[in-house]
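Okay, so here's the structure we're looking at.
What's counted below: heavy atoms across the whole structure, side chains too, no hydrogens, waters or symmetry copies. A quick note: this is a predicted structure, and the numbers were derived from the prediction, not measured.
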Amino acid sequence: MKNALRKTATRGVVAALAVSSLVVLAACSSAGGGSTKANAAPTDGVLTVGLLGDIGQPPDPDIYYANNGLAIVLNTYEGLVQYANNVDTVKIAPRLATSWTVNKTNTVYTFTLRSGVTFHDGTKFTSEAVKASFDRRTAVKGGAAYMTAGVQSVATPDDLTAVVTLKAPNSAFLDYLASPFGPKMESPTGLEKHAGSDDAQTYLQTHDLGTGPYELTTANTGSKYGLTQYSGYWGTKSPFKTVDLPVYTDVSALQLAFDNGDVSAIVAALPSSSLTKYDGNKKFDSVFLPTLQSALLTVNPSKSFFSTKEARTAFMQSIDQKQLVKEVLGARSSVATTLYAKGMISDGSDKQDIGYDPKVFAAYAKTLPTGTKMTIGYASDNTNAQSMANIVTANLQNDGITATAQGYPTSQVFGWANDPTKGPDAFIDGNNGPDGGSPYMWGHVFWDKSGGINYFLCDSPSTDADLNQAVATGDTSLYAKAAQTYSATGCYMNLSYNKDWVVSQKWLTGVAEAHNIGANELDFSKLGIAK
């Protein structure tokens with residue numbers, strides 16, 4: 001599962017392009033050449049969604065493992081299930097499976113498949129495709145291969161029934177399938193025809209083999225991707241026959257194109273510094289939509305400063321979480337009150353009990369040698385995290401600590417797990433999250449030292465044991481216990497619940513209905529034009 005987690009963090013860094021700093025640009029209520037008149041809707045059936053930065057990888061659903069390319073993957077491919085759209089809770093919803101049952105031991109998942117579905121190459125969707133798609137995900141060994149690694153067998157008693165048997169109990173398996181990075185159904189005919197020597201990886205760099213509402217028809221890496229509506233799609237079809245996805249390397253150029261009406265929508269790509277320009281601007285629509293992502297603070301127990309639980313706990317108590325989130329993240333986030341993502345534990349038993357009491361750390365700091373140093377790290381391309389690090393650093397300096405804030409490239413951040421002593425004393429993630437909505441998918445990646453995003457290997461064996469037991473049974477109380485045990489280490493604070501910020505032209509409808517809590521993207525088939 002480790003590889004999966006590396007991707008998750010990468011996702012967080014990519015999404016960080018959407019965050020900003022304390023520096024707020026001048027308010028502009030008349031974006032777009034000074035006019036306050038809304039831009040006109042297209043009459044050619046073309047939806048244009050701007051991408052900030054290239055997707056960096058081919059849109060192969062078994063390879064791609066970052067955020068930006070989900071615009072392509074989620075509109076050309078479909079999985080058996082997904083998270084429900086337009087709700088702020090984790091809820092599994094049908095997609096190519098219309099219903100499912102799970103046995104008492106969480107080892108056998110039986111799916112009833114949707115009839116009348118065809119792949120873009122004309123192949124009929126049947127249970128054979130489930131087996132072929134799961135097999136291919138495992139075979140190519142991409143970052144999310146862990147989602148099918150536990151599959152022992154896929155039985156196909158008839159065309160519309162697939163019975164998946166797992167090697168071990170796993171109550172999170174439906175979340176694996178609902179994840180935007182979960183296994184998607186691929187044409188078995190196409191996979192065999194275009195297999196080549198790499199399980200069709202070369203072919204899927206420029207084509208797709210999905211059942212989604214759109215087909216990939218243009219793939220010019222670094223400049224533009226294009227989708228064309230699939231005439232044989234089983235579901236709702238939007239008025240957009242074509243979707244253009246131009247790549248912008250500069251946020252200012254993307255904003256200018258949007259202001260002029262050349263771009264229809266921007267999803268989770270604008271900095272918070274643009275809030276005053278677009279949020280509340282009558283010329284555009286601006287919405288904040290729920291996600292599973294958060295800003296996080298972790299400390300490094302391998303550093304002498306934080307070698308004791310007393311020091312780590314005192315530091316956590318010095319963090320004015322409410323002020324930090326309000327001042328830096330603004331309307332795009334709210335203060336986190338739970339240890340998992342918002343809503344993962346429905347009864348709130350994962351409440352985060354870290355009270356703000358700066359006197360505790362001030363007293364502790366007085367016991368330290370004069371000139372004691374501390375470094376607060378942040379991802380170098382994450383301006384929100386940088387701003388938070390600067391604020392925390394200033395407060396530490398007031399307590400007599402020689403504190404500095406320092407940015408680190410992603411490659412260096414992921415190297416710390418090999419030797420945590422090379423990392424900073426503490427690290428602030430501006431935006432990070434799990435692959436899916438199961439508490440296991442959160443706890444394992446952030447708290448288990450084998451999870452991939454426990455940067456400094458702060459370890460609590462009892463937490464790991466409880467998580468591993470909980471995933472087998474789905475026991476909520478065990479998940480809550482694991483969270484509280486890990487919080488007690490003083491290594492971790494969930495700072496905020498982050499949201500996707502989508503700005504769109506006034507004529508575009510259905511944005512909230514096209515979004516779900518697991519993805520930083522929209523289902524283009526659910527978008528429309530206001531009449």
Side-chain angles (χ1 to χ4, degrees), residues 1-8 10-11 57-66 69-70 73-74 76-82 95-97 100 102 106-111 113 119 123 125-156 161-205 207-211 434-436 438 440-441 444-445 450-452 471-472:
M1 195 169 205
K2 189 171 183 176
N3 288 338
L5 315 177
R6 290 186 178 281
K7 184 271 337 130
T8 302
T10 302
R11 247 179 339 114
Q57 291 174 284
D60 181 331
D62 296 322
I63 301 295
Y64 190 79
Y65 208 21
L70 287 179
V73 172
L74 298 183
T76 53
Y77 294 90
E78 299 173 290
L80 294 180
V81 295
Q82 64 170 55
R95 191 73 186 231
L96 292 184
W100 51 90
V102 184
N106 295 311
T107 53
V108 180
Y109 289 70
T110 302
F111 297 93
L113 308 182
F119 289 96
T123 300
F125 171 63
T126 68
S127 55
E128 288 294 337
V130 179
K131 176 174 172 45
S133 300
F134 281 16
D135 287 347
R136 199 246 179 190
R137 162 91 34 144
T138 302
V140 300
K141 299 179 180 177
Y146 77 89
M147 295 179 178
T148 54
V151 174
Q152 178 174 291
S153 65
V154 179
T156 57
T161 304
V163 182
V164 181
T165 300
L166 305 183
K167 299 172 185 174
N170 189 338
S171 65
F173 186 63
L174 284 176
D175 284 279
Y176 289 4
L177 303 186
S179 164
F181 304 98
K184 302 297 183 285
M185 297 299 103
E186 299 156 330
S187 165
T189 304
L191 289 176
E192 182 177 358
K193 180 179 179 181
H194 303 289
S197 60
D198 60 0
D199 292 304
Q201 291 183 56
T202 299
Y203 179 77
L204 292 184
Q205 291 181 11
H207 303 78
D208 78 83
L209 289 170
T211 63
D435 285 348
S438 163
Y440 180 75
M441 299 173 86
H444 179 68
V445 299
S450 68
V471 73

Once rounded to the nearest 0.5 Å, what's the spacing between atom [atom1] of [X] and atom [atom2] of [Y]?
X      : Y      : atom1 : atom2 : answer
Leu96  : Phe125 : CG    : CZ    : 4.5 Å
Thr211 : Lys184 : OG1   : NZ    : 10.5 Å
His444 : Ser438 : NE2   : OG    : 11.5 Å
Phe181 : Leu74  : CZ    : CG    : 8.0 Å
Gln205 : Asp198 : CD    : CG    : 8.0 Å

Problem - side chain to side chain contact (heavy atoms under 4.5 Å, CB included) assessment of Arg136 paired with Gln201 - result: CA-CA 10 Å; Arg136 199 246 179 190; Gln201 291 183 56; 3.6 Å; yes
Closest heavy-atom contact between [X] and [Y]?
X      : Y      : answer
Thr123 : Pro188 : CG2-CD, 4.3 Å
Asp199 : Ala139 : OD2-CB, 4.0 Å
Pro434 : Met441 : CB-O, 3.4 Å
Ala149 : Thr138 : N-OG1, 4.4 Å
Ala145 : Lys141 : CB-CA, 3.9 Å

Handout entry: Side-chain (Arg137) to main-chain (Pro61) donor-acceptor, under 3.5 angstrom
Key =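 At least one qualifying donor-acceptor pair exists.
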Practice task
Output yes when a side-chain donor or acceptor of Ser179 lies under 3.5 Å from a complementary backbone atom of Asp435, and no otherwise.
Solution key: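 Side chain of Ser179 to backbone of Asp435, a donor-acceptor pair under 3.5 Å: yes, one is there.
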Can you give each donor-acceptor pair under 3.5 Å made by side-chain atoms of residues 126-134, sequence neighbours left out, with the distance rounded to 0.1 Å?
from   : atom 1 : to     : atom 2 : distance (Å)
Thr126 : OG1    : Glu128 : N      : 3.3
Ser127 : OG     : Asp158 : O      : 2.7
Glu128 : OE2    : Thr156 : OG1    : 3.3
Lys131 : NZ     : Asp135 : OD2    : 3.3
Ser133 : OG     : Ala129 : O      : 2.7
Ser133 : OG     : Glu186 : N      : 2.8
Ser133 : OG     : Glu186 : O      : 3.4

Practice task
Give the ring-plane orientation class for His207 versus Tyr203, where under 30° counts as parallel, over 60° as perpendicular and anything between as tilted.
Solution key: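 Because their plane-to-plane angle is under 30°, the rings of His207 and Tyr203 count as parallel.
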Problem - Of Val164, Leu113, Leu174, Thr110, the residue whose pairing with Trp100 passes side chain to side chain contact (heavy atoms under 4.5 Å, CB included) - result: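 When side chain to side chain contact (heavy atoms under 4.5 Å, CB included) is applied between Trp100 and each of Val164, Leu113, Leu174, Thr110, only Leu174 qualifies.
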Practice task
Using the test ring pair (Phe, Tyr, Trp, His ring centres under 6.0 Å), find all partners of Phe111 that sit at least two apart in sequence or belong to another chain.
Solution key: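 So Phe111 forms no ring pair (Phe, Tyr, Trp, His ring centres under 6.0 Å) with any residue.
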Within the structure provided, determine whether [X] and [Y] are in side-chain contact (heavy-atom separation under 4.5 Å).
X      : Y      : answer
Tyr109 : Val81  : no
Leu204 : Pro59  : no
Thr165 : Val151 : no

Exercise for the section: Tell me, with the steps shown, if Val471 and Asn170 meet side chain to side chain contact (heavy atoms under 4.5 Å, CB included). Expected result: CA-CA 6 Å; Val471 73; Asn170 189 338; 3.4 Å; yes
Exercise for the section: Apply side-chain hydrogen bond (donor to acceptor under 3.5 Å, both in side chains) to the pair Tyr77 and Asp60, showing each step before the final yes or no. Expected result: CA-CA 10 Å; Tyr77 294 90; Asp60 181 331; 5.7 Å; no
